[in-house]
Protein chains: 4
Amino acid sequence: MVEEKRDKRELILEAAAVVFAQRGYHQAKVEEIAIQAGIGKGTVYEYFSSKLELFQEMFKSILGKYFAELRSLQDQRGSVTERLRQLLEIHLDFINRNSDFARVTFVDGAVMDEELSWWMYRQRQEKVERLRELFQEGIARHEFRPIDPGLLAEMFTGAMAAIIIPVLMEGKTVEPHKIADQVMDILLHGVRLD
Amino acid sequence: MVEEKRDKRELILEAAAVVFAQRGYHQAKVEEIAIQAGIGKGTVYEYFSSKLELFQEMFKSILGKYFAELRSLQDQRGSVTERLRQLLEIHLDFINRNSDFARVTFVDGAVMDEELSWWMYRQRQEKVERLRELFQEGIARHEFRPIDPGLLAEMFTGAMAAIIIPVLMEGKTVEPHKIADQVMDILLHGVRLD
Amino acid sequence: MVEEKRDKRELILEAAAVVFAQRGYHQAKVEEIAIQAGIGKGTVYEYFSSKLELFQEMFKSILGKYFAELRSLQDQRGSVTERLRQLLEIHLDFINRNSDFARVTFVDGAVMDEELSWWMYRQRQEKVERLRELFQEGIARHEFRPIDPGLLAEMFTGAMAAIIIPVLMEGKTVEPHKIADQVMDILLHGVRLD
Amino acid sequence: MVEEKRDKRELILEAAAVVFAQRGYHQAKVEEIAIQAGIGKGTVYEYFSSKLELFQEMFKSILGKYFAELRSLQDQRGSVTERLRQLLEIHLDFINRNSDFARVTFVDGAVMDEELSWWMYRQRQEKVERLRELFQEGIARHEFRPIDPGLLAEMFTGAMAAIIIPVLMEGKTVEPHKIADQVMDILLHGVRLD
DNA sequence: GATGAATGAGCGTTCATTCAT
DNA sequence: TATGAATGAACGCTCATTCAT
């Protein structure tokens, strides 16, 4: 029973991700999510108290999966450089595998409601904070120059988000390994020719 | 008459920018924009055929001002590096001066309607394309290493957008000159300590 | 303009009275009230912020008319007995002329929402209080025996309400003068044969 | 089995009385009644075909208990005056003991659905009819003056209902014996001082 | 042109009822 | 028999848009 309930909740979350990704929060109709999930409209409200809560739960659900994939990094004790590269690869690979879901989740700074945009901003800042710590560690370990780690984290977050936008909008795919190499090359050595 | 009409049109665009920035596209009510502009609700529809068109016109209007400020760069014949630095400064300064407006305009990849998100994506891609050309020129001029200029343009766009998010969300201000220096330093030389 | 607006508000109040009387609060649909008023559904909300407010305003509106008719009594300086008789006549006459409206208004103690039933109870208590004062005056003037005026007011209110129930439910009409005489006879002299 | 079913049916009726009394017919949710009864929501429909039927059955059930208490009167052969006084006492005592239940049941003329209000009106008329017969008997026995017994019954019913409204709404209690004395005094002798 | 009263399509949410287990 | 997850009809309310003045 608990098993089944969990499944249906999951089912709705997945349907919500598809529809929210396709239509955006406001254009998405609860009924369409229900249809996408193959259930009745009222059933959605058995599992979520409102459309907003459904959106946030879906968001957190995907973010949770994303962070779960990244967590392997946290454990390992390689260099910060290596961990950043792997973080990039996992990030890009996750997007490739979850582009529908990611469209709602990873696109920064959604211009939505005041309420939603603040809520999403907070979610985003958590990601930024983790990166900031990573950069700080890199500086402490003398892998990186002493550059403002907060600025680095913001820029890196923005760059990661930007790279996937064409993926999400035009259905392009990226080669995680190749792109990660290029990005890390730019990050580490800069663009100047000398 | 034409003069007056142009003025009132401008008035509505400015009111729209304020309200859209504050509330987001869907939460913004046409009536509130009219009140903000100090005119009647129906008058909005004398100048714009729909809320969507109003949003897009406002968007293009601000983007136009933004590009107008950047245009001085295009004319000058300094190094690409120098032009990038100035572009950054102008960008950050513009945001400082127009944070309300910018909130709607520069935040990338708004998750909105399908219609709106595609339209905004296309606007965004124009910016990216200009940057791509700039990076390409930098490579051709042997200022930069031969790195995929499309990727660079995307990353740079993302980084520029990311830097201003805290500005927009939390009302922080940035020092354009200082930040531009830091960003260019990172862009040119990378983060690696050697 | 003010004239016209007042008219439309009145129009809606009258339509609301008809529909609320026919269907009861919960069965009454806002749309049906709009149709009854010959206007669009949205227009109702131009004048009233919610269905509940519309109900309460209609209620107060009719109660206001009712009290306005009774006010003539307050001014006059006849005996309390005479004033009670006239109050009864006016009450019954008002019901005859406004049975549709009265159905919602004068039926005591509607079992509705908690919120509504309390609100209506408070309205009712105002009527009871006025009667209590009248009985008290009657006692002070030595027209009446020293009986608990609160109890008298409650009983008299209940009796007045009860008399009109068949009028409202079955469309019977009453002869105000005749009924008022009978009721006053009972009230003054009681039923005991001696 | 029949025994058990009867018990559970009774259980639901009692739960329904509590919830209907607290919330009113429309605000009362079937699920809440089920919870109050400590059973599953579906089980309610094993015993009652609809919410409406449940309400009516509950209503009749309490009315039945009420009438059962009054029936002792019918059998006895005291004076009509004495029987009326006892009827009042029993009525008031019943309300004191069942105020929750009574709130839905005895408050006259509920403005509810068309269907419900007619149905309740008919229930009410049965009570009125019995009182009418009692008054008629009183007149025949020369205890009372020859006053329209229908009018008397209506008024008495209304007065009885009115007295308990503050009890139901504000949780006040009444002293049946004392109030019955007062009411009978007023009924028999009227209020006139002479 | 300018207005704002009027409109009604559209949608989130509720809850009585059903039915598979 | 008992259950409660599932359902969808129903409805209050919003707000972009229209149009008579």
Rounded to the Å, how far apart are D:Tyr47 OH and F:dA2 C1'? 8 Å
Of the nucleotides F:dA6, F:dC13, E:dG1, which one has an atom closest to the side chain of C:Lys51? F:dC13
Is there a Watson-Crick or G-U wobble partner for E:dC15 with both distances under 3.5 Å, and if so, which one is it? F:dG8
Quick check on DNA chain F: between D:Gly42 and B:Val30, whose nearest nucleotide comes earlier from the 5' end? D:Gly42
Would you say that C:Ile35 contacts C:Glu31 through its side chain, given a criterion of any heavy-atom pair below 4.5 Å between the two side chains? yes
Output the distance between atom CD (D:Glu10) and atom CG (D:Asp7), rounded to the nearest 0.5 Å. 8.0 Å
I need the CZ-C1' distance between A:Arg23 and E:dG10, as an integer number of Å. 15 Å
salt_bridge(A:Glu57, A:Arg9) N-O dist < 4.0 Å: yes
Would you mind reading off the distance between B:Ile12 atom CD1 and E:dG1 atom P, rounded to a whole angstrom? 11 Å
Taking the six-membered ring of D:Tyr25, is NZ or CZ of D:Lys51 closer than 6.0 Å to its centre and within 45° of its axis? yes
To the nearest angstrom, how far is D:His26 atom NE2 from F:dA10 atom P? 15 Å
Give the rounded distance in Å between these two atoms: OH of A:Tyr45 and P of E:dA16. 18 Å
Side-chain atoms of A:Ile39 come closest, of E:dG12, F:dT1, F:dT7, to F:dT7
Of A:Ser49 and A:Lys29, the one whose closest DNA chain E nucleotide lies more 5': A:Lys29
Specify the separation, in whole Å, of atom CD of B:Glu46 and atom C1' of E:dT3. 9 Å
Rounded to the Å, how far apart are D:Ile35 CD1 and E:dA16 P? 12 Å
Just name whichever nucleotide pairs with F:dT21, Watson-Crick or G-U, keeping both distances under 3.5 Å, else none. E:dA2
Would you mind reading off the distance between D:Lys41 atom NZ and E:dT17 atom C1', rounded to a whole angstrom? 9 Å
For C:Thr43 and A:Ala28, find the nucleotide of DNA chain E closest to each by heavy atoms; which residue's nucleotide sits nearer the 5' end? C:Thr43
Residues B:Arg23, B:Glu32: salt bridge by 4.0 Å N-O rule: yes
